[in-house]
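These numbers come from the heavy atoms of this one structure, side chains and all, not from hydrogens, waters or symmetry mates. A quick note: this is a predicted structure, and the numbers were derived from the prediction, not measured.
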Amino acid sequence: TKLIEIKGLSKVYATPNQRVIALDKVNLSVEKGEIFGIIGLSGAGKSTLIRCINMLETPTEGSIIVDGQEITSLNKRELRIARQKIGMIFQHFNLLSSRTVFDNVMFPLEIARVPRQEAAKRTRELLELVGLADRADAFPSQLSGGQKQRVGIARALANGPKLLLSDEATSALDPQTTRSILQLLRDINRQLNLTILLITHDMNVIKEVCDRVAVIDNSQIVEVGDVLSVFSSP
Ligand code: ADP
Ligand code: ADP
């Protein structure tokens, strides 16, 4: 079954002196439980696509269904609830520097008003899951890049999302750390049956971890398929 179904999605950025077509009638489906990659050059439209799915950007046209719900026409309250189904990780981690690892991971649970004791228990489990239980009291500045991204992943999973979005999550990491983070994503995908949609400009990321891939070029999806078939064509 499909977790994401996108039809005829367009996004136009209008500035006083120009119109930029960032997405042009994009169609895309992501199955439950798969790791789906979107690859494309800088400026192709990847971030815009992921920001539309995450409800940070309002599409100009088209439909986005996530977990059976049309998300392009929600009111504020519905948006807040729908966003809890989606976790996101970022290239530059976006951690709160004044909070410990523990408090960074617990933050979304506080926002969701989860009772303190339950939130703390869940936070400990999440830190265990990402292999950072022993760094709970550290601050982000005391961590390596890979450790910071592990915190980002734990935080993204805090509210038990159905979908994890990854925006160039390994682009700031060295190759070895990249592999360990991708391995963690693969483990989480299998353990939690969590659907992951990731965007990247790095073909190695796609080959290492994705089940299927879409190639985006100049605001359009130009190819979709199994990773092997897309990348083995002559
Ligand atoms: P990618 O993530 O693949 O690098 P983006 O989605 O960031 O691509 O950008 C797609 C196109 O839309 C680019 O031409 C970019 O300059 C433009 N764009 C992105 N965000 C905005 C914005 N807020 N205002 C105007 N143009 C934008
Ligand atoms: P990154 O590639 O590091 O994700 P970007 O440069 O694509 O960052 O975008 C950073 C921010 O600037 C985003 O919010 C994006 O929407 C916005 N942006 C990107 N391109 C443009 C543009 N041409 N005009 C205005 N805003 C833009």
Step-by-step side chain to side chain contact (heavy atoms under 4.5 Å, CB included) determination, Lys148 to Arg150: CA-CA 5 Å; Lys148 285 181 198 167; Arg150 284 168 191 271; over 6 Å; no

Verify side-chain hydrogen bond (donor to acceptor under 3.5 Å, both in side chains) between Tyr13 and Thr60, making sure each step is shown before the conclusion. CA-CA 9 Å; Tyr13 293 107; Thr60 308; over 6 Å; no

Apply side chain to side chain contact (heavy atoms under 4.5 Å, CB included) to the pair Val213 and Phe36, showing each step before the final yes or no. CA-CA 6 Å; Val213 61; Phe36 193 101; 5.9 Å; no

Going through the checks in order, is the side chain to side chain contact (heavy atoms under 4.5 Å, CB included) test met by Ser63 and Leu9? CA-CA 6 Å; Ser63 157; Leu9 181 68; over 6 Å; no

Under the criterion side chain to side chain contact (heavy atoms under 4.5 Å, CB included), I'd like the reasoning laid out for Arg155 against Leu126: C-alpha separation, chi angles, the key distance, then a yes or no. CA-CA 8 Å; Arg155 180 184 55 185; Leu126 288 160; over 6 Å; no

Give the intermediate values and the outcome of salt bridge (Lys or Arg N to Asp or Glu O under 4.0 Å) for residues Arg80 and Glu78. CA-CA 5 Å; Arg80 191 156 42 78; Glu78 293 166 329; over 6 Å; no

Test side-chain hydrogen bond (donor to acceptor under 3.5 Å, both in side chains) on Gln176 and Thr178; report intermediate values, then the result. CA-CA 5 Å; Gln176 194 183 333; Thr178 291; over 6 Å; no

Kindly determine whether Asp174 and Thr177 satisfy side-chain hydrogen bond (donor to acceptor under 3.5 Å, both in side chains), including the steps that lead there. CA-CA 5 Å; Asp174 63 64; Thr177 309; 2.9 Å; yes

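Between Gln220 and Asp24, the side chains place a donor N or O and an acceptor N or O closer than 3.5 Å (distance only, hydrogens not considered).
Rounded to the nearest 0.5 Å, atoms CG (Leu228) and SG (Cys210) are 12.0 Å apart. Atoms CD and CZ, from Gln147 and Phe93 in turn, are 10.5 Å apart once rounded to the nearest 0.5 Å. Arg135 CZ to Thr100 OG1: the interatomic distance, rounded to the nearest 0.5 Å, is 11.5 Å. Residue Glu168 holds its CD atom at 11.0 Å from CG of Leu173, rounded to the nearest 0.5 Å. Note that CD1 of Ile39 is 4.5 Å distant from CZ of Phe231, once rounded to the nearest 0.5 Å. The structure places CD1 of Ile21 at 11.0 Å from CD of Gln18, a figure rounded to the nearest 0.5 Å.
In this structure, Glu70 contributes its side chain and Thr72 its backbone to a donor-acceptor pair below 3.5 Å. A donor-acceptor pair under 3.5 Å is absent between the side-chain atoms of Lys46 and the main chain of Ile38, judged by distance alone. Between the side chain of Asn54 and the backbone N or O of Leu56, no donor-acceptor pair lies under 3.5 Å. Judged by distance alone, with hydrogens and angles left aside, the side-chain atoms of Gln149 form no donor-acceptor pair with the main-chain N or O of Gly146 at under 3.5 Å. The backbone N or O of Leu79 sits nowhere less than 3.5 Å from a side-chain atom of Gln84 that would complete a donor-acceptor pair. Formation of a donor-acceptor pair under 3.5 Å by the Asp226 side chain with backbone atoms of Ser229 is not found in this model. The main-chain N or O of Ala158 is found under 3.5 Å from a side-chain atom of Arg122 such that the two form a donor-acceptor pair.
The same ILVMFWY cluster, assembled from side-chain heavy atoms under 4.5 Å apart, contains both Leu129 and Leu143. Hydrophobic clustering places Leu198 together with Leu184 (ILVMFWY residues linked when any side-chain heavy atoms are closer than 4.5 Å, directly or through intermediates). Under the 4.5 Å side-chain contact rule for hydrophobic residues, Val130 and Val151 share a cluster. Leu163 and Val209 are assigned to two separate hydrophobic clusters, defined by single-linkage of ILVMFWY side chains at heavy-atom distances under 4.5 Å. Taken together through direct or relayed side-chain contacts under 4.5 Å among Ile, Leu, Val, Met, Phe, Trp and Tyr, Leu192 and Val30 form parts of separate hydrophobic clusters.
The pair Glu125-Lys121 meets the salt-bridge criterion, since a charged nitrogen lies less than 4.0 angstrom from a carboxylate oxygen. By the 4.0 Å N-to-carboxylate-O rule, Asp211 lies close enough to Arg186 to be salt-bridged with it. Contact check on Lys32 versus Glu34 returns no salt bridge, with no Lys/Arg side-chain nitrogen under 4.0 Å from an Asp/Glu carboxylate oxygen. With salt bridges taken as basic N to acidic carboxylate O contacts below 4.0 Å, one links Glu110 and Arg99.
No side-chain heavy atom of Leu49 sits less than 4.5 Å from a side-chain heavy atom of Ile199. Looking at Arg124 and Phe102, their side chains come closer than 4.5 Å, going by heavy atoms from C-beta outward. Within the 4.5 Å cutoff, the side chain of Ile4 has no heavy atoms near those of the Ile65 side chain. A heavy-atom distance below 4.5 Å is found between the side chains of Met55 and Ile86. With a 4.5 Å cut-off on side-chain heavy atoms, Asp167 and Leu165 do not count as touching. Here the side chains of Thr170 and Asp202 are not in contact, with every heavy-atom distance at 4.5 Å or above. Taking 4.5 Å as the limit, some side-chain heavy atom of Leu157 sits within range of a side-chain heavy atom of Ile153. Contact check for Ile64 versus Val66: side-chain heavy atoms found under the 4.5 Å cut-off.
Atom CD of Glu128 is surrounded by 12 or fewer heavy atoms from other residues, nucleotides or ligands within 6.0 Å. Other residues, nucleotides and ligands contribute at most 12 non-hydrogen atoms within 6.0 Å of the CG atom of Leu41. Within a 6.0 Å radius of NZ in Lys85, more than 12 heavy atoms belonging to other residues, nucleotides or ligands are found.
Looking at every heavy atom in both residues, Asp217 comes nearest to Ala44 through CA-CB, 4.3 Å. Scanning both residues, Pro140 and Asn104, for their nearest heavy atoms gives CG-ND2, 3.9 Å. Between Ala156 and Pro161, the closest heavy-atom pair is O-CG, 3.4 Å. Annotation for Leu194 and Asn189: closest pair O-ND2, 2.8 Å, computed over non-hydrogen atoms. A pairwise comparison of heavy atoms in Val105 and Ala154 identifies CG2-CB, 3.8 Å as the closest pair. Taking every heavy atom of both residues into account, Gly152 and Ile89 meet most closely at O-CG2, 3.5 Å.
The side chain to side chain donor-acceptor pair (under 3.5 Å) test with Lys162 is passed by exactly one of Thr195, Asn193, Asp67: Asp67. Only one option out of Val227, Val224, Val230, Ile35 pairs with Arg212 in a side-chain contact (heavy atoms from CB on, under 4.5 Å); it is Val224.
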